[in-house]
Each structure stands twice: as C-alpha cells, then as structure tokens.
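Each remark here refers to the structure printed beneath this line.
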Amino acid sequence: MPALADALVPWFRAHARDLPWRRPGYGAWGTLVSEFMLQQTPVARVIPHLEAWLARWPTPAALAADPPAEAVRQWANLGYPRRALWLHRAAVEIRDRHAGVVPRDVDALLALTGIGDYTARAVAVFAYGDRHPVVDTNTRRVIARVVDGRAQPGTPHRRDLAAMAALLPEDVADAAAMNAATMELGQVICTARAPRCDECPLRDTCAWLAAGRPETEDTRRRQARYEGSDRQARGAVLRQLRDGDPAPALQDAVIAEWPDRAQRDRAILSLLSDGLIEADGETLRLPR
DNA sequence: GACACGTGGTC
DNA sequence: TGACCAAGTGT
C-alpha cells in the first residue's frame with residue numbers, strides 16, 4: 001500500500017463512525033439517497049431524513065411511482081430542494097432505463113439527473129465496491145494539507161482526482177476504505193477550522209504540519225448573504241406551498257407579506273423555471 | 001470557472 | 001452577532 005494508506009486505512013477501520021450507510025447490505029439505493037442528501041448538508045441533519053425516506057420509498061420504483069410533489073414534501077427543510085426533484089427524476093430514469101436497478105457504471109451514473117462527478121464515484125465505490133478515486137471537499141482539504149502543504153485546496157479538481165488515484169491501494173477493498181478514510185479524516189480530524197493535528201494518524205508525514213501549518217492565500221469565494229436574498233425568498237415560497245394549506249395557492253397569496261414585491265415575483269418565476277412549482281391557472285402548486 | 005442554489009449549527 | 005461551514009450539481 002502507498003505510505004499514506006498504510007497509516008490511514010487501519011486508523012479508519014479502528015475509528016470509523018457507525019453511520020447508517022456503512023451498515024452491511026445497506027444497498028445501492030440507500031447509498032444513492034444518502035449521497036443526494038449529503039450534498040452540502042451535514043451528516044447529523046441527514047440521518048433522520050434518510051431513514052424516513054427509505055422507509056417510505058425502499059426502491060427507486062417506489063419513489064418513481066409517486067409524483068415529484070411528494071418527494072419535495074418529504075424533503076421538508078433539508079435545503080436545496082432541487083435535490084428532491086432531481087432524486088425523483090433519477091428514480092424515474094433508473095426505473096425506465098435500468099430496470100429499476102441503480103447502475104454500477106460511473107458513466108451510466110453520471111447520466112442520471114442530479115448525479116455529478118462526486119456522487120457517481122461514491123455510488124460505484126461505496127455501494128458496489130469498485131476501485132475509483134472519490135474526491136469530495138474533505139478529500140480536497142486533506143490532500144491540500146498532507147500532500148501539498150497548503151491550508152486550503154486551491155488546486156483544480158482534476159488534479160485532486162489524479163492525486164487521490166495515486167494514493168489508492170491496489171486491493172479493491174482497501175481502495176474503497178482509503179476513499180472513505182480520507183473523507184472521514186477531513187470531517188473529524190483535518191477539519192476546515194481548528195484541525196486536531198495532535199490526534200491525526202498522518203501527523204508524522206503531513207507536509208502542512210511539518211511546515212508549521214502556514215496560512216495559505218484564501219481563494220475561497222465568500223458565501224453570499226442569505227438574509228434578504230433571492231434564495232431566502234425562494235425558500236419562503238416553497239415552504240408555503242409545501243407546508244401550507246393543502247389547497248393550491250393563488251399567485252397573489254403566496255408569501256403575500258413579503259416586503260419586496262419584485263423579489264417575490266422573481267422567486268416564483270425561478271421556481272417555475274426549475275420545475276419545483278407549477279402554475280395551474282391562477283394557482284401555484286408543487287409539481288405532479 | 002464563476003455563480004446560484006437552503007437551511008441550521010458553530011464559534 | 002455575523003460570518004463561516006456543510007459527502008456538490010447544473011448552467
């Protein structure tokens with residue numbers, strides 16, 4: 001095994017958290033749903049939503065048989081509700097193009113709605129045990145520090161994929177463990193703020209620690225302010241249609257108290273454009 | 001490649 | 001308190 005995997009894989013096997021999707025036989029559908037929910041969303045918030053989702057829709061075909069509105073409602077306040085819509089579309093595609101079986105091939109996975117480079121590889125590796133590099137935000141930070149000696153990623157995604165490929169052990173099971181181990185290290189030890197280097201299994205080989213944990217020029221974009229944003233307005237519109245009266249809402253009655261009229265209309269238009277809501281005459285509702 | 005996209009927790 | 005952060009994707 002490459003040197004880093006020699007230290008990291010045993011650490012992972014000893015310390016891995018007991019997460020639902022790591023249970024034996026969790027299944028490719030469970031893995032796929034978990035990966036959709038985990039996109040930009042912390043583990044602790046995902047777990048209860050995931051279990052409720054899989055209890056209601058234990059297969060892609062079960063989800064595909066219900067209207068997208070039900071997926072958006074079940075998604076509740078998890079955030080980025082487009083993911084609920086995309087997950088529903090992916091379930092329909094899996095039913096129609098893959099006989100209801102989550103595909104194993106990375107390119108077939110990439111062709112599904114809402115699945116990008118990370119999720120496709122994550123499903124192939126964690127659900128099916130295949131050997132590919134899996135690179136998420138945690139992996140990028142770990143590589144930046146341990147390999148490149150930088151505080152923050154800064155490098156192109158493409159290069160991190162190659163870097164991770166070079167770190168994978170030959171053995172398929174070890175390679176999958178290495179992918180998970182790198183992500184886990186980034187989540188619990190090599191965190192974005194206040195990394196716990198004294199507990200790190202890679203503390204003797206980490207380039208960043210050896211260099212005295214230098215600050216790196218921060219190339220990250222600042223997250224836009226949420227308060228007063230279009231995103232907040234979209235969230236308010238969708239929340240009303242999702243959680244409000246069962247009857248469809250008249251367009252003028254949707255978030256009627258919203259202070260910025262133009263912003264409210266913009267939010268409705270963009271939700272219509274995304275397919276997250278539909279117009280039915282004078283009324284607005286979730287998509288059927 | 002930059003940007004838009006939710007929501008809630010943390011320091 | 002407010003800015004940062006969180007298993008990304010599509011345009």
Side-chain angles (χ1 to χ4, degrees), chain A residues 12 16-17 19-22 26 30-50 72 75-87 89-90 109-127 132-142 151-161 164 176 179-188 190-195 218-243 263 266-267 269-271 273-276:
Chain A
F12 179 69
R17 292 168 298 170
L19 300 172
W21 45 90
R22 290 180 180 163
Y26 200 67
T31 301
L32 180 58
V33 175
S34 76
E35 295 298 349
F36 263 87
M37 290 187 172
L38 287 163
Q39 290 168 7
Q40 296 284 284
T41 306
V43 167
R45 282 189 64 204
V46 162
I47 289 174
H49 287 278
L50 174 63
V72 173
W75 198 260
N77 64 339
L78 246 191
Y80 289 142
R82 292 192 292 194
R83 292 182 292 168
L85 196 58
W86 290 343
L87 179 51
R89 288 179 187 167
L109 286 160
L110 279 172
L112 298 174
T113 303
I115 293 192
D117 204 45
Y118 165 76
T119 303
R121 293 160 176 278
V123 170
V125 170
F126 301 136
H132 305 280
V134 181
V135 173
D136 77 335
T137 185
N138 295 297
T139 302
R140 283 165 59 75
R141 186 171 55 251
V142 169
Q152 302 294 340
T155 54
H157 183 273
R158 180 92 220 128
R159 211 203 60 102
D160 288 325
L161 204 55
M164 191 63 204
N179 280 307
T182 308
M183 293 168 61
E184 180 94 347
L185 188 77
Q187 279 180 72
V188 303
C190 195
T191 54
R193 286 182 297 193
D218 198 341
T219 57
R220 292 168 298 176
R221 286 175 298 109
R222 253 191 65 199
Q223 196 167 36
R225 179 181 184 80
Y226 183 65
E227 198 64 30
S229 67
D230 284 13
R231 296 163 84 168
Q232 186 184 35
R234 280 171 54 105
V237 170
L238 196 64
R239 178 187 302 268
Q240 179 177 333
L241 294 179
R242 187 218 298 143
D243 302 336
Q263 184 178 59
R266 205 154 60 232
L269 254 356
S270 72
L271 287 166
S273 167
D274 286 347
L276 271 166

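Computation of the quantities below employed the complete heavy-atom set of this structure, encompassing side-chain atoms and omitting hydrogens, waters and symmetry-equivalent molecules. Below, chains carry the letters A, B, ... as their sequence lines are ordered, and counting in each starts from 1.
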With no angle test and no hydrogens, is the base of C/dA6 tied to the side chain of A/Gln39 by a donor-acceptor pair under 3.5 Å? no
Expressed in angstrom and rounded to an integer, what is the separation of A/Asp243 atom CG from B/dG6 atom P? 15 Å
Pairwise 5' ranking along DNA chain C for A/Glu35 and A/Leu110, keeping only the more 5' one: A/Glu35
Pick base, sugar-phosphate or nothing for A/Phe36, based on heavy-atom distances below 4.0 Å to the nucleic acid. nothing
What interatomic distance, in whole Å, is found between C1' of B/dG6 and the corresponding atom of C/dA6? 12 Å
In this structure, how many angstroms lie between the C1' atom of B/dG9 and the CD1 atom of A/Ile47, rounded? 15 Å
Taking the P atom of each, how far is B/dG8 from C/dG10, in whole Å? 24 Å
Any base atoms under 4.0 Å from A/Thr139, or only sugar-phosphate, or nothing? Heavy atoms, all strands. nothing
Distance-only donor-acceptor test (3.5 Å): side chain A/Thr41, base B/dG6: yes
Could you go step by step and tell me if A/Val33 and A/Leu50 meet the side chain to side chain contact (heavy atoms under 4.5 Å, CB included) rule? CA-CA 7 Å; A/Val33 175; A/Leu50 174 63; 3.6 Å; yes
Report yes if at least one side-chain N or O of A/Thr113 is closer than 4.0 Å to OP1 or OP2 of C/dG10; otherwise report no. no
Quick one: label A/Gly79 by what it contacts on the DNA or RNA (base, sugar-phosphate, nothing), any heavy atom closer than 4.0 Å. base
Measure the distance from CZ on A/Arg83 to C1' on C/dA7 and round it to the nearest whole Å. 10 Å
Nearest heavy atom decides the nucleotide; on that basis, is A/Asp117 or A/Arg45 closer to the 5' end of DNA chain C? A/Arg45
Please confirm whether any donor atom in the side chain of A/Gln223 sits under 3.5 Å from an acceptor in the base of C/dC5, or the reverse. yes
Nearest-angstrom distance from the residue atom CZ of A/Arg266 to P of B/dC5: 9 Å
Spacing of the P atoms in B/dC3 and C/dC4 (rounded, Å): 15 Å
Between A/Tyr226 and B/dT7, is there a side-chain N or O to OP1/OP2 distance below 4.0 Å? yes
Using a 4.0 Å cut-off on heavy atoms, which residues in residues 227-242 of chain A reach DNA chain B? List them by number, or say none. A/Arg231, A/Arg234, A/Gly235, A/Arg242
Can you tell me how far P in B/dC11 sits from the matching atom in C/dA7, rounded to whole Å? 15 Å
Considering only NZ, NE, NH1 and NH2 on the basic side and carboxylate oxygens on the acidic side, decide whether A/Glu35 and A/Arg121 come within less than 4.0 Å. no
What nucleic acid atoms does A/Ser270 come within less than 4.0 Å of, heavy atoms only: base, sugar-phosphate, or nothing? nothing
